[in-house]
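Sequence positions, counted from 1, serve as the residue numbers for this chain.
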Amino acid sequence: MLRLFRSICTRGPGSGVATWRPSVGLLSPGHPRIRQVSDASDAPHHQSPSSEPLVQLVGVCSMMRLPLQSSPAGLDAAFIGVPLDTGTSNRPGARFGPLRIREESVMLGAVNPSTGALPFQSLRVADLGNVNVNLYSLQDSCRRIRDVYQNVLAAGCVPLTLGGDHTITYPILQAVAKKHGPVGLVHVGAHTNTTDQTLGEKVYHRTAFRRSVEEELLDCKRVVQIGIRGSSKIVDPYRYSRNQGFRVVLAEDCWMKSLVPLMAEIRQQMGGKPLYVSFGIDALDPAYAPGTGAPEVAGLTPSQALEIIRGCQGLNVVGCDLVEVSPPYDLTGNTALLAANLLFEMLCALPKVTTV
């Protein structure tokens with residue numbers, strides 16, 4: 001189902017659930033030691049290793065050094081890469097986003113001291129590798145993504161996605177809506193992605209939410225778009241979103257202020273119904289996140305990004321994605337590092353995560 005991402009060394013033998021042996025650690029010579037668990041219910045929670053041995057370039061390059069697993073069976077949540085940028089309209093390179101985000105994620109620890117979240121003591125989490133997309137066919141890639149996510153969701157596993165351009169959110173929402181029905185959406189990004197078509201093509205990253213509305217994948221009264229900005233070819237580029245009932249929060253309405261009050265309002269709006277979080281890294285000002293396909297000046301700050309994601313804690317989040325990281329334009333790696341941190345915050349915001 002998934003093509004597992006391979007890096008410095010290959011995956012261990014077998015194809016069952018792979019769990020790190022905590023008594024051994026990750027830095028043993030050669031391949032990391034793993035054991036096969038025949039019954040997922042008997043396996044311990046997957047613990048993200050300490051970030052202390054950061055300089056050690058040993059082991060598989062997985063998200064937060066979590067074990068790679070070939071199946072979502074027995075997992076509460078999983079990181080999944082979708083290395084697709086065929087739908088981008090400007091700078092390419094987002095197909096390399098999952099790789100760079102994983103590489104930067106070794107900086108992360110297992111506990112969130114700011115929120116008190118203990119994700120790895122609360123959930124069984126693993127890295128499911130990358131979806132085997134077809135870079136020569138956007139339509140076929142969407143089908144493959146949808147099929148994979150349907151299987152992941154059917155197993156009761158919450159997907160946290162490393163993109164890829166924003167096209168991928170459309171087939172993911174198809175899978176999410178099949179399980180949960182129309183869902184609420186917190187979309188953080190520079191653009192509304194509600195274009196109808198370009199050059200006759202109706203599926204690419206700027207059409208993702210238009211197609212989602214047409215297929216009734218979204219509960220439009222519970223859709224919020226935050227950080228929207230940039231020049232346009234028309235006077236009112238937000239009309240379609242507002243006509244659907246979306247709440248559009250422009251970037252300029254967020255300047256120089258905390259977004260905690262905004263998120264308190266959004267929490268009331270979302271209620272306890274299923275919610276999907278889609279975060280385009282272009283929501284952030286390019287001073288903080290230059291490595292993206294369509295940067296727009298005067299965006300959000302990293303602290304505001306944290307306020308948005310932490311504001312979703314306790315809501316019925318059924319899936320998340322972090323998209324539009326383009327490593328060729330991320331010369332320092334700061335964009336990928338920021339993306340890895342935001343994905344960790346998304347994990348910490350999931351409903352079953354306990355706090356201290």
Side-chain angles (χ1 to χ4, degrees), residues 84-95 97 137-139 141-142 163-174 185-218 220-221 223-256 259 262 276 278-301 304-305 308 321-326 328-330 335:
L84 182 73
D85 63 1
T86 313
T88 193
S89 58
N90 193 7
R91 300 172 174 176
R95 67 182 65 182
S137 172
L138 198 54
Q139 293 289 350
S141 288
C142 287
D165 70 55
H166 228 138
T167 309
I168 70 175
T169 306
Y170 166 51
I172 294 173
L173 284 173
Q174 288 179 316
L185 174 71
V186 172
H187 164 222
V188 192
H191 311 101
T192 61
N193 294 343
T194 55
T195 300
D196 184 24
Q197 59 180 308
T198 297
L199 300 176
E201 297 298 323
K202 297 181 75 69
V203 175
Y204 74 110
H205 70 160
R206 291 290 180 89
T207 68
F209 298 124
R210 182 100 168 207
R211 300 288 86 84
S212 297
V213 169
E214 292 171 350
E215 296 183 23
E216 299 182 347
L217 309 178
L218 299 175
C220 292
K221 299 301 182 184
V223 174
V224 179
Q225 299 185 300
I226 307 172
I228 309 301
R229 65 192 188 281
S231 59
S232 173
K233 296 180 180 179
I234 59 176
V235 174
D236 186 5
Y238 320 122
R239 181 185 306 168
Y240 178 85
S241 290
R242 288 169 172 154
N243 285 346
Q244 308 313 308
F246 296 5
R247 179 176 181 178
V248 179
V249 182
L250 302 181
E252 59 206 64
D253 296 327
C254 302
W255 291 345
M256 310 300 291
L259 300 188
L262 170 66
Y276 189 85
S278 182
F279 201 113
I281 202 69
D282 56 11
L284 296 169
D285 191 275
Y288 305 107
T292 189
E296 301 282 2
V297 301
L300 305 181
T301 67
Q304 289 175 320
I308 292 170
D321 65 51
L322 192 292
V323 297
E324 298 287 358
V325 173
S326 181
Y329 296 92
D330 187 27
T335 309

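Across all non-hydrogen atoms, the minimal contact from Ile281 to Gly291 is CG2-O, 4.4 Å. Nearest approach of Ser326 to Ala94, heavy atoms of both residues: OG-N, 4.0 Å. Annotation for Ala294 and Asn90: closest pair CA-ND2, 4.2 Å, computed over non-hydrogen atoms.
By the side chain to side chain donor-acceptor pair (under 3.5 Å) test, Thr167 pairs with Asp165, sequence neighbours left out. Under the salt bridge (charged side-chain N to carboxylate O under 4.0 Å, His left out) criterion, Lys202 pairs with Asp196, not counting sequence neighbours. Every side-chain contact (heavy atoms from CB on, under 4.5 Å) that Glu215 has, sequence neighbours left out, goes to Tyr170, Gln174, Leu217. Residues passing the salt bridge (charged side-chain N to carboxylate O under 4.0 Å, His left out) test with Glu216: none are found, sequence neighbours excluded. Every residue two or more places apart in sequence or in another chain that forms a salt bridge (charged side-chain N to carboxylate O under 4.0 Å, His left out) with Asp85 is listed here: Arg95. By the side chain to side chain donor-acceptor pair (under 3.5 Å) test, Thr335 pairs with Asp330, sequence neighbours left out. The side chain to side chain donor-acceptor pair (under 3.5 Å) search around Tyr240 returns none, not counting sequence neighbours. Listed by chain and number, the residues in a salt bridge (charged side-chain N to carboxylate O under 4.0 Å, His left out) with Arg239 are Asp236 (sequence neighbours excluded). Shown here are the side chain to side chain donor-acceptor pair (under 3.5 Å) partners of Tyr276, two or more places apart in sequence or in another chain: Asp321. Checked against side-chain contact (heavy atoms from CB on, under 4.5 Å), Arg229 has the following partners two or more places apart in sequence or in another chain: Ala190, Ala251, Pro286, Glu296. Looking at residues two or more places apart in sequence or on another chain, you find a side-chain contact (heavy atoms from CB on, under 4.5 Å) between Ser241 and Thr192, Thr194, Gln225, Phe246, Val248.
Summarising the geometry, atom NE2 belonging to His187 is positioned 11.0 Å from atom CG belonging to Leu218; distances are rounded to the nearest 0.5 Å. Interatomic distance, CD of Glu201 versus CZ of Arg206, reported as 16.0 Å (0.5 Å rounding). Between the SG atom of Cys254 and the CG atom of Leu259 there is a distance of 5.0 Å, given to the nearest 0.5 Å.
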Stepwise side-chain contact (heavy atoms from CB on, under 4.5 Å) check, Phe279 with Glu324: CA-CA 9 Å; Phe279 201 113; Glu324 298 287 358; over 6 Å; no
Candidate pair Leu250 and Tyr238, rule side-chain contact (heavy atoms from CB on, under 4.5 Å), full reasoning: CA-CA 10 Å; Leu250 302 181; Tyr238 320 122; 3.6 Å; yes
Audit row: Ile226, Ile228, side-chain contact (heavy atoms from CB on, under 4.5 Å) steps and yes/no: CA-CA 6 Å; Ile226 307 172; Ile228 309 301; over 6 Å; no
side-chain contact (heavy atoms from CB on, under 4.5 Å) assessment of Leu84 paired with Leu138: CA-CA 9 Å; Leu84 182 73; Leu138 198 54; 3.8 Å; yes
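Side-chain contact of Ser278 with His166: a donor-acceptor pair under 3.5 Å is present, judged by distance alone.
The backbone N or O of Ser89 lies less than 3.5 Å from a partner atom in the side chain of His205, making a donor-acceptor pair. Under a 3.5 Å cut-off, the side chain of Thr207 and the backbone N or O of Arg210 do not form any donor-acceptor pair. A distance-only check finds no donor-acceptor pair linking the side chain of Thr195 to the backbone of Gln197 [under 3.5 Å]. Side-chain atoms of Asp285 do not come within 3.5 Å of backbone N or O of Val297 as any donor-acceptor pair.
Identified under the side-chain hydrogen bond (donor to acceptor under 3.5 Å, both in side chains) test for residues 246-256, with sequence neighbours left out: Arg247-Glu265.
The side-chain heavy atoms of Leu300 and Ile308, taken from C-beta on, include a pair separated by under 4.5 Å. Considering only heavy atoms from C-beta on, Tyr329 stays 4.5 Å or farther from Thr292 through its side chain.
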